[in-house]
Amino acid sequence: MQRQRQRDTMPELALRSVLHRDGLRYRVHYPLLGVRRRADIAFPRLRVAVFCDGCFWHGCPEHGTWPKQNAAWWRQKIEANKARDEDTNARLKDAGWRVVRIWAHEDPVEAANRVAAEVSRRRA
Ligand SMILES: [Zn+2]
């Protein structure tokens, strides 16, 4: 069984390398105080948190699949992850953070552009 939030997945590494190439400096696996969760990528001073969500585990509307074996168990599991993501978003928002969620299937360059846009909005 896979762990739910894997560290350093391929899409995450690809995104990080594009951000780095664009001159952005960030922290990885950054512990978010009060939320008891870690951002995959964070810009703590600007309060921008980035999460790379796996299509399967986070129920991507395009590629999420619902296994037929143990269907109820999987549905409950994936729905719980989605609820947790929403909860994380809400808590971070309350704490003054901006949240960027990236799907694992997204093009790393486009994903990096979304992150960079949020970062420069914060800098402005
Ligand atoms: Zn997807």
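Since the model is a prediction, treat every value here as computed from it, not as a measurement.
Two residues are said to be in side-chain contact when any heavy atoms from C-beta on lie closer than 4.5 Å; Asp85 and His58 meet this criterion. Taking 4.5 Å as the limit, every side-chain heavy atom of Trp97 sits out of range of all side-chain heavy atoms of Val35. Tyr30 places none of its side-chain heavy atoms less than 4.5 Å from the side chain of Ile41. For the pair Arg101 and Asn89, the minimum side-chain heavy-atom distance is below 4.5 Å. Here the side chains of Val100 and Phe43 are not in contact, with every heavy-atom distance at 4.5 Å or above.
Between Cys55 atom SG and Glu62 atom CD the span is 7.5 Å, to the nearest 0.5 Å. Taking CD1 from Ile102 and CD from Glu110, the interatomic distance works out to 10.0 Å, rounded to the nearest 0.5 Å. The CZ atom of Arg38 sits 11.5 Å away from atom CZ of Phe51, with the distance rounded to the nearest 0.5 Å. A distance of 13.5 Å separates OG1 of Thr88 from NZ of Lys93, quoted to the nearest 0.5 Å. Distance check, rounded to the nearest 0.5 Å: CD1 of Ile78 to OG1 of Thr65 gives 6.5 Å.
If you check the side chains of His29 and Asp40, you find no donor sitting under 3.5 Å from an acceptor.
For the pair Glu106 (side chain) and Trp103 (backbone), a donor-acceptor distance under 3.5 Å is present. The main-chain N or O of Trp57 is found under 3.5 Å from a side-chain atom of Asn81 such that the two form a donor-acceptor pair. Put simply, the side chain of Asn70 never gets that close to the backbone of Trp73: no donor and acceptor are under 3.5 Å apart. Arg37 contributes a side-chain N or O that, together with a main-chain N or O of Arg84, makes up a donor-acceptor pair within less than 3.5 Å.
Heavy-atom minimum distance, Ala49 versus Leu92: CB-CD1, 4.1 Å.
Checked against the 6.0 Å centroid threshold, Phe56 and Trp74 count as a close aromatic pair.
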*Verdict with reasoning, Asn113 to Val109, per side-chain contact (heavy atoms from CB on, under 4.5 Å)*: CA-CA 6 Å; Asn113 286 342; Val109 173; 4.2 Å; yes
Name each donor-acceptor pair under 3.5 Å that joins a side chain in residues 15-28 to protein atoms two or more places apart or in another chain, with its distance.
from	atom 1	to	atom 2	distance (Å)
Arg16	NH1	Asp8	OD1	2.7
Ser17	OG	Ala14	O	3.4
Arg25	NH1	His20	O	3.1
Tyr26	OH	Arg16	O	2.9

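The hydrophobic clustering, which links ILVMFWY residues whose side-chain heavy atoms are closer than 4.5 Å, places Val119 and Val50 together.
No option in Arg121, Arg98, Arg122 other than Arg122 meets the side-chain contact (heavy atoms from CB on, under 4.5 Å) test with Leu46.
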